[in-house]
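Below, each value reflects all heavy atoms present in this structure, side chains not excepted, and no hydrogens, waters or symmetry copies. Since the structure is predicted, the reported quantities are computational estimates derived from the model, not experimental observations.
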2 protein chains.
Amino acid sequence: MRKENSTNVLNQQFLFQVCELNSAIAMIGGRWKSQIVYSIYEGNNRFHLLKKELTNISEQVLGRQLKELETHAIIIKKEIPGSIPQGIEYTLTNKGLELIPILKLLCDWGKTFADGKQITAKLPALCV
Amino acid sequence: MRKENSTNVLNQQFLFQVCELNSAIAMIGGRWKSQIVYSIYEGNNRFHLLKKELTNISEQVLGRQLKELETHAIIIKKEIPGSIPQGIEYTLTNKGLELIPILKLLCDWGKTFADGKQITAKLPALCV
DNA sequence: GTAGAAACTAACAATTTTGTTCGTTATTGT
DNA sequence: ACAATAACGAACAAAATTGTTAGTTTCTAC
């Protein structure tokens, strides 16, 4: 539970006002979140599939993260009528889908500069 | 301080192995971080300029966030020889610079879908 | 030569996030 | 009929992040 008037909350609200960048980061910044979004995109759209893919996650944590993603309208939970067993499926909304290319860019960025590779202090001319 | 062998740390390491996306998110996901990177990019490259721009931040928190960004080689701290007063300046590395277009995309994404605008469950054909 | 700003660091406290334990409902395979 | 799996929710505990208090050093303006 958040505390309504803590400095922490007020600072977050301040950042939200400065730029939507900060609310975007707040939505996808949590543990597991982006990976869940990406996994759903790749077809792991059922609770048990996600659980299997994210080996170390607990069911409770997974459920919580899914609900938060749903709250932010990045994913949607649906009942699939004629499926066995049962049938609850998670799908990306268009909001979630449009996040995917950005996550891909972030991934590439991470790969490019992993382990301190490629990093220079001096800026190559074309960057300025 | 992190606890070396907590489940929390192990889960984070697991995610780091799954995809660099997760380490990328870990680097920029913290409070103030992306906003600081963006502000430096916009020219607020001195401690006091950042402090002024991010009205509610405390000097101690700002210092800490800057150091973490430096640790991740996103920014670099430099002494400027002939400047008054004193002269310490923060600059983006090439790693930091290449982050900027991604942050812009995230910002646009945030704006587009702010307050539940534009969100649909059904996917427009061109997205699939 | 004293006061004040710039640019911090360390230690501690508040708050938040993450993970755990226990329990639920509904279905399915044997 | 009984165990197992899917898909969770609530309450609590552990851990991590964020913010605060107090203090440092170096310069600079008066």
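The shortest distance between the side-chain N/O atoms of A:His48 and the OP1/OP2 oxygens of D:dT5 is not below 4.0 Å. Distances shorter than 4.0 Å separate some side-chain N or O of A:Tyr90 from OP1 or OP2 on D:dC8. Look at B:Lys51 and you won't find any side-chain N or O under 4.0 angstrom from OP1 or OP2 of C:dA5. Residue A:Arg46 places at least one side-chain N or O closer than 4.0 Å to OP1 or OP2 of D:dA7. For the pair B:Asn11 and C:dT18, the criterion of a side-chain N or O lying under 4.0 Å from OP1 or OP2 is not met. One finds a side-chain N or O of B:Trp32 lying less than 4.0 angstrom from the OP1 or OP2 phosphate oxygen of D:dG19. OP1 or OP2 of D:dC8 lies within a sub-4.0 Å distance of a side-chain N or O belonging to A:Lys77.
What you find for A:Gln35 and B:Cys19 is that their closest heavy atoms are OE1-CB, 3.8 Å.
Listed by chain and number, the residues in a side chain to side chain contact (heavy atoms under 4.5 Å, CB included) with B:Asn44 are B:Ser39, B:Leu49, B:Leu50, B:Glu53 (sequence neighbours excluded).
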For nucleotides 13-15 of chain C, tabulate all protein N/O to nucleotide N/O atom pairs closer than 3.5 Å, reporting atom names and distance.
from, atom 1, to, atom 2, distance (Å)
C:dT15, OP2, A:Lys3, NZ, 3.2
C:dT15, O3', A:Ser6, OG, 3.4

Nucleotide N/O to protein N/O under 3.5 Å, stretch nucleotides 10-13 of chain D:
none

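Computed from coordinates, the A:Leu50 CG to D:dC8 C1' distance equals 14 Å when rounded to whole Å. For the pair B:Lys52 NZ and C:dA5 P, the interatomic distance rounds to 15 Å; values are reported in whole Å. Atom-to-atom, CD of B:Gln65 to P of D:dT17 comes out at 10 Å; the value is rounded to the nearest Å. A straight line from CD of A:Glu53 to P of D:dA6 spans 15 Å, rounded to a whole angstrom.
Looking at heavy atoms from C-beta onward, B:Trp109 lies out of side-chain contact with A:Glu20 at the 4.5 angstrom threshold. With a 4.5 Å cut-off on side-chain heavy atoms, A:Arg31 and B:Leu15 count as touching.
Distances from the side chain of A:Val61 to the nucleotides D:dC8, C:dG19, D:dT20 place C:dG19 closest.
Residues from residues 36-43 of chain A placing a heavy atom under 4.0 Å of any atom in DNA chain D do not occur.
Between the CG atom of A:Leu62 and the CD1 atom of A:Ile57 there is a distance of 4.5 Å, given to the nearest 0.5 Å. Considering CZ of A:Arg64 and CD of A:Gln60, their distance stands at 9.0 Å, rounded to 0.5 Å.
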Output, in order, the C-alpha distance, side-chain angles, deciding distance and verdict of side-chain contact (heavy atoms from CB on, under 4.5 Å) for A:Gln65 and A:Val61. CA-CA 6 Å; A:Gln65 300 298 330; A:Val61 169; 4.2 Å; yes
With side-chain contact (heavy atoms from CB on, under 4.5 Å) as the test, would you mind laying out the steps for B:Leu99 and A:Leu106 before giving the verdict? CA-CA 8 Å; B:Leu99 197 53; A:Leu106 266 176; 4.2 Å; yes
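Overall bending of the helix from C:dG1-D:dC30 to C:dT30-D:dA1, expressed as the angle between end axes built from five pairs apiece, is 10° (10° steps).
The main-chain N or O of B:Tyr90 is never found under 3.5 Å from a side-chain atom of B:Arg46 such that the two would form a donor-acceptor pair.
Listed by first and then second residue, the ring-ring contact (aromatic ring centres under 6.0 Å, His included) pairs involving residues 4-35 of chain A amount to none (not counting sequence neighbours).
DNA chain C is contacted by both A:Lys33 and A:Glu59; A:Lys33 maps to the nucleotide lying nearer its 5′ end (nearest heavy atom per residue).
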